[in-house]
Structure formats: C-alpha cells, structure tokens
Amino acid sequence: MEKDKIKGIIEAILFASGKIITINELELALEINKKQVAQIIEEMRNEYSKESRGIEIVCVNNGYTLSSKKDLHEYIYPIIDKRVKLSLSQAALEVLAIIAYNPKITRAEIENIRGVSSDASLYRLLEHNLIEEARKTRPSRKTYGI
C-alpha cells in the first residue's frame with residue numbers, strides 16, 4: 001500500500017475514533033510493522049506542525065490522538081461553548097435533590113418518596129456522572145450451628 005493511502009487511513013482512524021489509538025492497533029489495521037507505523041506518524045506530525053494547519057497528532061500514553069492546536073483555542077472555544085448545555089428533566093432534578101439531601105438513599109427509598117419509578121432519571125444522572133452507584137451492605141445475620 002502506498003504511503004499517502006496509509007497516511008489517509010491513519011488520519012481517518014484518529015479522527016473517527018476520538019480516543020487514543022496505540023501503534024499496535026494501527027499495526028493490526030494497516031498490516032504493516034510498528035517501525036513503519038511510527039515512521040509514518042512522525043512524518044504526519046511534521047506535516048501538521050506547519051503554521052497553516054489547525055490540527056496536530058498528539059502522543060499520549062504510548063498512543064496517538066488527533067487534536068486541534070492549542071494556540072487556536074481562542075477561536076474554537078466560542079463556537080464549542082455555544083453547544084447545547086446539559087438539561088435535566090423535572091423528574092431527574094427531583095431525584096438529584098433527594099440524593100443531595102440523603103446521599104446514602106436507595107432506589108426503593110427514592111421511589112417511595114416520589115411515588116413513581118425513578119429508573120430513567122437515575123440512569124440519566126449516572127450517565128452524566130452526577131451521582132454514583134453504591135451498594136449498601138446488609139447487617140450480618142447470626143447463624144447457629146449444631
């Protein structure tokens with residue numbers, strides 16, 4: 001496979017994944033050895049380092065990711081800041097208020113207070129990392145032997 005095609009594939013993988021991709025993952029996808037992958041990525045990093053480019057390949061934890069250049073933050077932030085903010089339903093806000101008031105409350109206790117099922121609200125709050133799930137431990141029961 002020609003080098004330009006490999007560069008295009010690497011760029012597409014890094015862009016589409018939105019996460020850190022290791023050389024091993026690229027090696028498997030491209031079916032070329034690690035040394036070649038590393039060499040091509042280094043060439044791409046040099047090409048992206050030109051002032052006219054708005055993105056760069058960043059090395060993080062023995063992997064690579066595609067990122068916008070840091071010095072362009074002032075142009076990117078106003079656009080991204082206008083994205084839709086997290087909004088919670090009235091039910092989710094009620095559940096969040098109950099949990100804030102009593103952090104060690106159970107799902108059953110929440111539902112008893114509200115009088116309706118709170119599954120969807122709890123999943124939404126968990127999804128946005130506003131609450132965390134914990135397990136209550138039961139008091140140990142006495143056992144008797146013969």
Quick check on [X]: does its [atom1] atom have over 12 non-hydrogen neighbours (other residues, nucleotides or ligands) under 6.0 Å away?
X      : atom1 : value
Asp71  : CG    : yes
Asn61  : CG    : no
Glu127 : CD    : yes

Over all heavy atoms of both residues, which pair between [X] and [Y] is shortest? Give the atoms and the distance, please.
X      : Y     : value
Arg45  : Ile57 : NE-O, 3.1 Å
Thr22  : Glu25 : N-OE1, 2.8 Å
Arg114 : Ala91 : NH2-CB, 3.4 Å

Tell me whether [Y] is reachable from [X] by hopping between hydrophobic residues (I, L, V, M, F, W, Y) whose side-chain heavy atoms are closer than 4.5 Å.
X     : Y     : result
Phe15 : Leu26 : yes
Met44 : Val58 : no
Leu30 : Ile20 : no
Ile21 : Ile55 : yes
Ile40 : Val60 : no

Next on the checklist: Applying side-chain contact (heavy atoms from CB on, under 4.5 Å) to Val116 and Glu111, what does each step give before you reach the verdict?
Outcome noted: CA-CA 5 Å; Val116 294; Glu111 291 175 352; over 6 Å; no

Checklist entry - Would you say the side chain of Lys19 lies within less than 4.5 Å of the side chain of Thr65, judging by non-hydrogen atoms? => result no

Checklist entry - Under 4.5 Å between any side-chain heavy atoms of Ile6 and Ile32, yes or no? => result yes

Next on the checklist: side-chain contact (heavy atoms from CB on, under 4.5 Å) for Ile41 and Tyr64? Distances and angles first, verdict last.
Outcome noted: CA-CA 9 Å; Ile41 287 178; Tyr64 296 93; 3.6 Å; yes

To the nearest 0.5 angstrom, please state how far the [atom1] atom of [X] sits from the [atom2] atom of [Y].
X      : Y      : atom1 : atom2 : value
Ser68  : Glu56  : OG    : CD    : 7.5 Å
Arg107 : Asp119 : CZ    : CG    : 4.5 Å
His128 : Leu88  : NE2   : CG    : 6.5 Å
Tyr101 : Ile113 : OH    : CD1   : 9.5 Å
Glu43  : Ile10  : CD    : CD1   : 9.5 Å
Ile105 : Ile110 : CD1   : CD1   : 5.0 Å

Checklist entry - Can you list the steps and then say if Glu133 with Leu126 is a side-chain contact (heavy atoms from CB on, under 4.5 Å)? => result CA-CA 8 Å; Glu133 189 173 0; Leu126 282 168; 4.2 Å; yes

Checklist entry - Sub-3.5 Å donor-acceptor pair from the side chain of Ser89 to the main-chain atoms of Ala92, do we have one? => result yes

Checklist entry - Are the charged groups of Arg53 and Glu47 less than 4.0 angstrom apart, N to O? => result no

Item to check | Candidate pair Ile13 and Ile9, rule side-chain contact (heavy atoms from CB on, under 4.5 Å), full reasoning | outcome: CA-CA 6 Å; Ile13 290 171; Ile9 293 169; 3.8 Å; yes

